[in-house]
Asks: 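The structure follows.
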Amino acid sequence: MSNNKNMRETRYSPGINSIKEFAEADERLAALDPEKYLKLPYPYDDWVDPPIKELTDEQKNRLEHSLDGLSAVSIPKPETSKDKEELVAKFLAGLKKLFSKENNWTFVQPFTLSMENCMKCQTCSDECPIYISSGKEEIYRPMFRGEILRRIIDKYLKPGGKFFQKLTGSEFELNWETVARLAELSYRCTLCRRCAQACPIGIDNALITREIRVLFSEELGIAPAELHSAGTVKQLKTGSSTGTNPTAMRDIVEFIEEDLKDLYDVDIKLPVDKEGAEILLLHNFGEYLSWPENIMAFAIIFEKAGINWTLSSEMGAYDSVNYGLFYDDVQFARVALDHVAKAKKLGVKKLVVSECGHAHKSLIPIADRILVDDNIIFRESVFPLLEEIVFNGKIKFNPKKNDFPVTLHDPCNIVRAMGIVEPQRRILRKLCPQFIEMEPHGVNNYCCGGGSGFAIFQGKNFPEWRNKISFRMKFKQTLEAFKDNIDPSIKKYVCAPCSNCKGAFRDGLTYYNAFEKCGIIYGGLVELIVNAMEDMEKPFIQWELK
Amino acid sequence: MMIILYLFAYFSILTFCGLVIKRILKYKNMPVHLRWELYPVAHEPFRNKYGGSYYEEVEWWNKKNKKDHLAEFWVMFEEIFLLKGVYVHNKKLWLFSFPFHLGLYLISATAIIITCSAVLDLSSIISILNAQNIFGKIILYLTKVTAYSGLALTFIGGIGLLIKRLSEKKYKFYNTPLDIINLLFILILTISISATLIFSNSSFTLSEEFVKNLFSFNFAAISNKLFIIHIVLISIFLLYFPLTKMMHLFAKYFTYHNVRWEDEPNYKGGKLERRIKEALNFDIGWSAPHVRTGKTWAEAATTLPPEMKNVE
């Protein structure tokens with residue numbers, strides 16, 4: 001016990017004590033003490049998380065990690081004082097551009113409103129799952145990033161800033177450490193916007209976080225590889241952020257058709273590049289690779305419902321991913337325009353986005369403000385269409401096939417950001433007799449912890465942080481929803497109709513060993529729909545944690 | 001000497017109005033932004049109760065997109081006058097924030113009544129606050145209730161907020177001297193207004209007279225020193241207010257109407273499309289190599305750098 005205590009005392013820094021320390025402290029700014037993490041309910045009430053593993057010595061020497069011991073952005077430490085000064089100068093230049101209508105018309109109005117009017121009432125703090133789950137780590141407080149930025153602006157961008165620095169609390173020198181820590185800190189928020197929803201004035205700390213990311217990407221060329229070089233750049237170059245090219249896509253579709261036959265005795269040819277189709281269905285390509293049963297389920301439903309649909313093998317039209325949404329408006333626009341161009345080429349009536357939250361938000365409301373003239377094509381969510389199919393009577397369902405506890409995770413981008421709340425619920429109420437809501441749910445949901453790209457961050461020690469901190473609140477909610485059936489012999493299903501959310505659930509449930517301890521698996525909505533179909537002879541849902 | 005007081009009052013009122021209008025125009029004239037609404041959107045008919053949107057319908061673009069303006073008005077009322085958001089999410093703060101804000105509204109209402117009375121009296125229509133009939137007495141009594149309750153609520157709320165700011169870690173950590181000065185200034189004002197009302201201005205006679213003098217450019221002498229101090233303090237506050245975050249009073253309209261509830265879809269040939277086209281023609285000045293600085297947004301989005309060109 002005393003050894004443990006000594007280890008704790010030596011390992012965990014006390015955390016940050018003042019804003020000034022963000023710029024001036026030599027040591028790590030966040031304590032990240034597992035004993036302070038949010039407590040989980042039974043059967044995890046005695047669960048002890050091991051400390052998040054340290055970066056290797058080589059990584060520590062090479063990369064900035066003084067924020068909390070993580071390096072999501074992989075910012076190399078500058079070698080010379082000239083490099084350091086250049087980083088600071090570029091940061092300040094970029095900060096000015098965030099307020100210019102030419103450079104940042106995309107968000108200058110909401111960003112300026114949020115930067116100029118925060119009253120620091122702290123109403124947002126208790127709404128943030130990361131802040132709460134971490135044991136209220138100060139640097140994770142939703143308004144912390146914005147406050148650092150405001151003080152930098154007060155001192156370095158406003159006239160007389162240095163003279164009034166005492167009044168504005170800006171008595172620190174902007175150095176490269178501050179800049180690098182701010183870049184890292186912008187990747188400790190999932191952009192779920194729960195804080196914004198609670199703000200009485202309408203300040204959006206998630207947007208401020210996003211704009212910090214934009215500044216680093218668009219001015220300094222700094223962004224996590226998972227989002228940029230291996231994300232949007234790869235997608236534009238190869239057609240998918242997974243690197244899958246059109247030939248490989250067609251091959252994968254063939255494999256899926258074979259699996260449909262082998263696993264479920266369903267003989268369906270998935271329509272690809274079908275001329276005259278009414279609907280182009282756009283999947284996140286992660287589904288093809290990690291959850292092909294989701295692709296199969298869509299095919300079964302659409303074919304049985306008699307929908308005139310198609311997939312596309314055109315480069316860029318088979319992966320709905322648009323990571324630009326999370327960090328870079330130019331990259332966002334390029335990917336979104338590519339999606340639209342390919343849909344137009346196929347001549348479909350409308351583009352329908354399947355179970356992917358950020359693709360929903362990217363392609364439907366956000367892209368709405370970059371499309372003009374003939375690029376304005378009809379785009380919609382798949383959930384209302386699925387609701388119509390389930391309720392129009394063409395397909396017969398037997399809800400008894402889904403007679404196990406089911407709860408629903410609301411993807412932030414689909415629910416809080418787009419207001420698609422009820423269609424998926426009406427389906428679950430009809431087809432799942434043991435449907436239980438999480439609390440809170442709907443537009444007040446908690447993020448899965450994988451939002452804003454976190455689900456695909458697999459480098460260094462970031463996945464550990466995600467599982468232990470950013471997924472924690474969602475896991476707590478899940479356990480509470482199933483509390484009356486928590487025994488592992490009762491199989492339970494978390495319906496998470498979003499690819500990134502499923503990624504977060506996959507890694508989080510695996511980390512907590514939740515299938516063995518509680519019998520919990522996760523999956524999409526369409527799998528439940530197909531599982532309840534009267535004429536499906538074999539169960540569609542496989543009770544294993546994938 | 002007295003003319004300086006009047007000139008200072010004119011200057012502060014005009015500066016206040018000018019800076020408030022400037023800020024409002026700044027927010028209003030910003031370019032169209034990418035959609036960033038948050039649900040519930042108050043004007044969404046029926047679905048606003050659970051946070052739904054028109055995206056819940058198949059082929060939503062074929063449906064009439066009606067707006068429930070009454071619901072939107074009601075939500076604004078609750079937000080502005082009851083501080084519902086603070087009540088729901090931060091009850092401990094609401095206990096002080098609500099009386100503080102309500103008190104400020106009541107003080108503002110008193111100022112509006114005094115100004116209206118002065119203007120009507122000057123125009124020889126009616127003297128509201130000095131009418132000798134029962135109607136005048138009732139108005140005077142109600143105005144006194146408004147003023148005193150406003151001052152009391154603001155003072156109690158302000159003291160509470162100040163104690164919270166100075167004692168609770170989550171506020172102390174982020175306090176700047178300016179945050180404290182803002183609250184102190186308002187508290188000092190409530191004391192000065194109260195003192196004036198109690199000792200020399202109990203029926204708002206001095207205030208009404210001063211407003212009338214302002215409107216009629218009559219720089220008549222003011223003998224009451226307490227009232228002069230009061231005028232100086234209010235004038236300084238009017239100059240100070242637009243430089244502070246207290247301007248959230250006006251910004252809140254935009255954060256709600258132009259961001260949280262802004263769900264206007266873009267249709268071909270519509271006004272919105274024209275605004276988007278304008279924005280797409282702005283020149284990009286970002287410096288990262290992949291952005292392709294110097295081009296317009298439309299050009300940068302449609303011409304890929306070599307490292308992003310399709311490889312098929």
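Just so it is clear, the structure is predicted and the values come from calculations on it, not from any experiment. All heavy atoms count here, side chains included; hydrogens, waters and symmetry mates do not.
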Asks: Taking side chain as everything from C-beta outward and backbone as N, CA, C, O, which of these in B/Asn182 sits under 4.5 Å from a heavy atom of chain A? Side chain, backbone, both or neither.
Replies: neither
Asks: Find the one option among A/Lys136, A/Met143, A/Gln424 whose heavy-atom pairs under 4.5 Å with chain B are most numerous.
Replies: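 Highest number of pairs under 4.5 Å: A/Met143.
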Asks: For A/Lys166 and B/Thr176, does a side-chain donor sit closer than 3.5 Å to a side-chain acceptor?
Replies: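 Short answer, no.
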Asks: May I ask you to say whether A/Glu116 pairs ionically with B/Arg23, meaning some side-chain N is under 4.0 Å from a carboxylate O?
Replies: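 Salt bridge present between A/Glu116 and B/Arg23.
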Asks: Using heavy-atom distances under 4.5 Å, tell me whether B/Thr303 contacts chain A through its side chain, its backbone, both, or neither.
Replies: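 For B/Thr303, the backbone is the part near chain A, not the side chain.
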Asks: I'd like to know which of B/Pro40, B/Ser53, B/Ser97 tops the heavy-atom pair count under 4.5 Å against chain A.
Replies: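 Most pairs with chain A among the choices: B/Ser53.
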Asks: Got A/Trp105 and B/His33 here, is their nearest side-chain heavy-atom distance under 4.5 Å?
Replies: no
Asks: What residue in B/Tyr87, B/Tyr55, B/Trp60 has the most heavy-atom pairs under 4.5 Å with chain A?
Replies: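 Of the options given, most contacts go to B/Tyr55.
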Asks: Would you say the side-chain atoms of B/Trp297 pair up with the backbone N or O of A/Ile370, donor to acceptor, closer than 3.5 Å?
Replies: no
Asks: Which one wins on heavy-atom pair count under 4.5 Å against chain B: A/Glu147, A/Lys349, A/Met119?
Replies: A/Met119
Asks: In terms of heavy-atom proximity below 4.5 Å to chain B, should A/His360 be classed as side chain, backbone, both, or neither?
Replies: neither
Asks: Looking at every heavy atom in both B/His89 and A/Glu127, which two are closest together, and how far apart are they?
Replies: ND1-OE2, 3.2 Å
Asks: When only pairs under 4.5 Å are counted, which of B/Met308, B/Arg274, B/Lys252 shares the most heavy-atom pairs with chain A?
Replies: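 Highest number of pairs under 4.5 Å: B/Met308.
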Asks: Counting heavy-atom pairs closer than 4.5 Å to chain A, which one of B/Gly85, B/Pro31, B/Gly269, B/Ala298 comes out on top?
Replies: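 Sorted descending by pairs with chain A, the first entry is B/Pro31.
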Asks: Quick check on B/Tyr256 against chain A: is it the side chain, the backbone, both or neither that has a heavy atom closer than 4.5 Å?
Replies: side chain
Asks: Would you mind checking which part of A/Lys350 comes under 4.5 Å of any heavy atom in chain B, side chain (CB onward), backbone (N, CA, C, O), both or neither?
Replies: side chain
Asks: Using heavy-atom distances under 4.5 Å, tell me whether B/Leu272 contacts chain A through its side chain, its backbone, both, or neither.
Replies: side chain
Asks: Where does B/Pro265 contact chain A at under 4.5 Å (heavy atoms): side chain, backbone, both or neither?
Replies: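 B/Pro265 touches chain A through backbone and side-chain heavy atoms alike.
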Asks: By a 4.5 Å heavy-atom criterion (distance strictly below it), what part of A/Leu98 contacts chain B: side chain, backbone, both, or neither?
Replies: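 Contact with chain B: backbone and side chain both.
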Asks: Got a donor-acceptor contact below 3.5 angstrom from the B/Ser287 side chain to the A/Glu219 backbone?
Replies: no
Asks: Assess, by modelled atom type and distance only, whether the side chains of A/Gln331 and B/His290 contain a donor and an acceptor separated by less than 3.5 Å.
Replies: no
Asks: Which atoms of A/Arg210 come close to chain B, meaning under 4.5 Å heavy atom to heavy atom: side chain ones, backbone ones, both, or neither?
Replies: side chain
Asks: May I ask you to check if A/Lys361 and B/Trp36 form a cation-pi contact, with NZ or CZ under 6.0 angstrom from the six-membered ring centre and within 45° of the axis?
Replies: yes
Asks: Heavy-atom distance under 4.5 Å to chain A: side chain of B/Val259, backbone, both or neither?
Replies: side chain
Asks: Output yes when a side-chain donor or acceptor of B/Tyr50 lies under 3.5 Å from a complementary backbone atom of A/Glu422, and no otherwise.
Replies: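 No.
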Asks: Using a 4.5 Å cut-off on heavy atoms from C-beta on, say whether the side chain of A/Arg369 contacts that of B/Leu34.
Replies: yes
Asks: Checking A/Arg416 side chain against B/Gly51 main chain: does a donor-acceptor pair fall under 3.5 Å?
Replies: no
Asks: In terms of heavy-atom pairs under 4.5 Å with chain A, which of B/Arg292, B/Glu264, B/Lys92 leads?
Replies: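 Counting heavy-atom pairs under 4.5 Å, the top option is B/Glu264.
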Asks: Heavy-atom distance under 4.5 Å to chain A: side chain of B/Leu38, backbone, both or neither?
Replies: both
Asks: Under the 3.5 angstrom rule, does the side chain of A/Lys120 hit a backbone N or O of B/Tyr174 as a donor-acceptor pair?
Replies: yes
Asks: Given heavy-atom pairs under 4.5 angstrom as the criterion, report whether the side chain, backbone, both or neither of A/Arg151 touches chain B.
Replies: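 Interface part for A/Arg151: side chain.
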Asks: What part of B/Lys172 gets closer than 4.5 Å to chain A, counting heavy atoms only: side chain, backbone, both or neither?
Replies: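 For B/Lys172, no heavy atom lies under 4.5 Å from chain A.
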Asks: So, the side chain of B/Asn266 versus the backbone of A/Leu371: is there a donor-acceptor pair under 3.5 Å, distance only?
Replies: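 Yes, B/Asn266 side chain to A/Leu371 backbone: donor-acceptor pair under 3.5 Å.
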Asks: Could you tell me which portion of B/Asn258 (side chain, backbone, both or neither) has an atom closer than 4.5 angstrom to a non-hydrogen atom of chain A?
Replies: both
Asks: Determine whether a donor-acceptor pair (N or O, by modelled atom type, separation under 3.5 Å) exists between the side chain of B/Thr255 and the backbone of A/Ile201.
Replies: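 A pair under 3.5 Å: yes.
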Asks: Verify the distance criterion only: is there a donor paired with an acceptor across the side chains of A/Asn117 and B/Tyr27 at less than 3.5 Å?
Replies: yes
Asks: With a 4.5 angstrom heavy-atom cut-off, which part of B/Arg275 approaches chain A: side chain, backbone, both or neither?
Replies: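 No part of it gets close to chain A.
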Asks: What part of A/Phe383 lies closer than 4.5 angstrom to a heavy atom of chain B: side chain, backbone, both or neither?
Replies: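 Neither part.
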Asks: Taking B/Gly52, B/Ala251, B/Ala288, B/Ala301 one by one, which has the highest count of heavy-atom pairs under 4.5 Å against chain A?
Replies: B/Ala288
Asks: With rounding to the nearest 0.5 angstrom, report the OH to CG distance, B/Tyr253 to A/Leu113.
Replies: 12.0 Å
Asks: What are the two closest non-hydrogen atoms of B/Val291 and A/Arg334, and how far apart are they?
Replies: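 For B/Val291 versus A/Arg334, the nearest heavy atoms are O-NH2, 3.4 Å.
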Asks: Contact part of B/Ile180 toward chain A, heavy-atom cut-off under 4.5 Å: side chain, backbone, both or neither?
Replies: neither
Asks: Between the side chain of A/Glu380 and the main-chain N/O of B/Glu59, is any donor-acceptor distance below 3.5 Å?
Replies: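 Yes: the side chain of A/Glu380 pairs with the backbone of B/Glu59.
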Asks: Using 0.5 Å steps for rounding, measure from the CE atom of B/Met30 to the CZ atom of A/Phe107.
Replies: 14.0 Å
Asks: Ignoring hydrogens and angles, tell me if any N or O in the side chain of A/Gln197 forms a donor-acceptor pair with the backbone of B/Tyr39 under 3.5 Å.
Replies: yes
Asks: Below 4.5 Å from any heavy atom of chain B, which atoms of A/Cys124 appear? Answer side chain, backbone, both or neither.
Replies: neither
Asks: At a 4.5 Å cut-off on heavy atoms, which part of B/Glu57 comes close to chain A: side chain, backbone, both, or neither?
Replies: backbone
Asks: Of the backbone (N, CA, C, O) and the side chain (C-beta and beyond), which part of A/Glu388 lies under 4.5 Å from a heavy atom of chain B, both, or neither?
Replies: side chain
Asks: Sort out for me which residue in A/Asp373, A/Asp374, A/Asp368 forms a salt bridge (Lys or Arg N to Asp or Glu O under 4.0 Å) with B/Lys268.
Replies: A/Asp374
Asks: Is the closest side-chain heavy-atom distance between B/Leu178 and A/Phe164 below 4.5 Å?
Replies: no
Asks: Do any N or O atoms from the side chain of B/Asn90 and from the backbone of A/Cys121 form a donor-acceptor pair under 3.5 angstrom?
Replies: yes
Asks: Pick one of side chain, backbone, both or neither for A/Val415, based on which atoms fall under 4.5 Å of a heavy atom in chain B.
Replies: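 The answer is the backbone of A/Val415.
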